[in-house]
Q: 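Can you read through this structure? Questions will come right after.
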Amino acid sequence: MWKKFKGYFSNDIAIDLGTANTLVYVRDRGIVINEPSVVALKQDSKTVLAVGIEAKKMLGRTPGSIKAIRPMKSGVISDFDVAEQMIRYFIKKAQKNKLRKPRVIIAVPGDITGVEKRAVKESAINAGARDVYLIEEPMAAAIGVDMPVGEPRGNMIVDIGGGTTDVALISLAGIVYAQSVRVGGDAMDEVIAQYMRRMYNLMIGESTAEDIKIRIGSAYPVEQEYEMEVRGRDNVNGLPRTLTITSKEIREALQEPVSQIVDAVRNCLEKSPPELAADLLDRGIVLAGGGSMLTGLDQLISEQTGLLVHRPDSPLEAVAEGAGKVLEDLDVLHNQGLN
Ligand code: ADP
Ligand code: MG
């Protein structure tokens with residue numbers, strides 16, 4: 001009986017508003033939603049047709065009258081109205097108890113502007129939130145993977161998402177240095193599509209490029225190379241065509257975005273105060289985000305920095321887990337005046 005009541009009163013929500021995926025964590029229930037950050041709209045009337053999984057299925061497959069949009073795509077909000085519709089949809093879907101308005105924590109990119117912050121807060125209020133708090137994604141990710149962020153020691157987190165890679169150095173529960181670069185999983189997909197066009201005159205869509213990356217992509221030489229059959233449209237005669245590619249070629253194609261990610265990590269290390277940088281010799285670097293699952297990326301970063309690199313078991317969930325943990329302490333934070 002008490003259990004039932006517990007669920008009834010605590011419907012506070014934490015949202016990881018990612019460029020590729022949105023996750024929603026409900027207090028006492030954990031992550032209840034994990035869907036692509038995609039909205040499908042009617043071109044003329046802007047009516048929302050689908051959000052999340054259903055909308056992603058339409059990406060690249062829409063007729064002229066329908067548009068599938070990723071409102072958070074490049075780490076900035078490209079379309080406020082669409083972003084608001086998406087936030088509203090996810091909050092509604094996560095809520096069991098519709099009588100009491102939830103308090104909401106939203107994890108946002110570290111370099112989001114003041115205008116965007118206000119827009120995100122307003123969207124959540126419009127979508128039915130009672131209070132809205134924002135937390136920076138790298139901080140949420142670090143809490144999510146259990147880094148001891150409160151200690152006076154250097155903790156480095158590298159969150160490789162769809163649109164951006166965020167590198168942050170954290171000590172005493174604050175961000176000492178952070179950098180966000182517009183390179184992540186999407187850029188990897190793009191270079192794979194470009195490669196297929198340049199080498200084979202084969203046009204492929206973003207979903208196919210992502211599939212290639214996930215199945216045979218790598219950042220570091222692998223013990224066994226793989227092959228994969230790819231389907232697309234021949235650019236010369238316009239007909240559908242199948243061909244076989246190897247993991248070695250894809251690794252070469254991925255070199256540019258992968259080295260930009262490594263450079264961002266090295267750059268953050270160079271900007272770190274010496275004492276905190278020295279701490280990393282013991283603790284290493286922790287990765288988060290779906291892009292960190294690229295085979296061998298951990299090995300490459302380790303080789304290029306000389307530091308240990310850890311990848312958690314569920315890097316895609318780190319931000320939502322971290323924001324969710326903060327949610328459990330919301331009453332404390334509220335008194336501390338978290339924005
Ligand atoms: P965001 O926080 O920006 O929404 P996510 O952390 O959800 O991003 O990561 C999404 C990215 O991770 C996508 O580009 C996706 O293709 C990529 N990804 C997911 N799984 C893998 C995998 N096994 N290997 C490589 N990339 C992956
Ligand atoms: Mg993310």
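Predicted model only: the values in this text are computed from it and were never measured. Read the numbers this way: they start at 1 and go in the same order the structure lists the ligands and their atoms.
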Q: Applying a heavy-atom distance cut-off of 4.0 Å, which protein residues contact ligand 1?
A: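 For ligand 1, the residues that come within the 4.0 Å heavy-atom cutoff are Gly18, Thr19, Ala20, Asn21, Gly161, Gly162, Gly185, Asp186, Glu210, Lys213, Ile214, Gly289, Gly290, Gly291, Met293, Leu294, Leu316.
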
Q: What residues, two or more places apart in sequence or in another chain, satisfy side-chain contact (heavy atoms from CB on, under 4.5 Å) together with Val191?
A: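 Counting only residues at least two positions away or on another chain, Val191 forms a side-chain contact (heavy atoms from CB on, under 4.5 Å) with Gln194, Leu254, Pro257.
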
Q: Under the salt bridge (charged side-chain N to carboxylate O under 4.0 Å, His left out) criterion, do Arg251 and Glu225 qualify, and how do the steps go?
A: CA-CA 10 Å; Arg251 182 163 60 252; Glu225 300 287 354; 2.7 Å; yes

Q: Pairs in or reaching into residues 308-326: which pass salt bridge (charged side-chain N to carboxylate O under 4.0 Å, His left out), with residues at least two apart or in two chains?
A: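 Every salt bridge (charged side-chain N to carboxylate O under 4.0 Å, His left out) pair that includes a residue of residues 308-326, provided the two are not neighbours, is Asp146-Lys325, Asp298-Arg311.
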
Q: Compare every heavy atom of Ala141 with every heavy atom of Val319, then report the nearest pair and how far apart it is.
A: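 For Val319 versus Ala141, the nearest heavy atoms are CG2-CB, 3.8 Å.
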
Q: State whether Glu252 and Lys248 are salt-bridged, where the test is any N-O pair (Lys NZ or Arg NE/NH1/NH2 against Asp/Glu carboxylate O) under 4.0 Å.
A: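 Answer for the salt bridge query: yes.
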
Q: Please, which pairs that meet salt bridge (charged side-chain N to carboxylate O under 4.0 Å, His left out) have at least one residue in residues 68-83, sequence neighbours excluded?
A: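 Listed once each, the pairs are Arg70-Asp186.
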
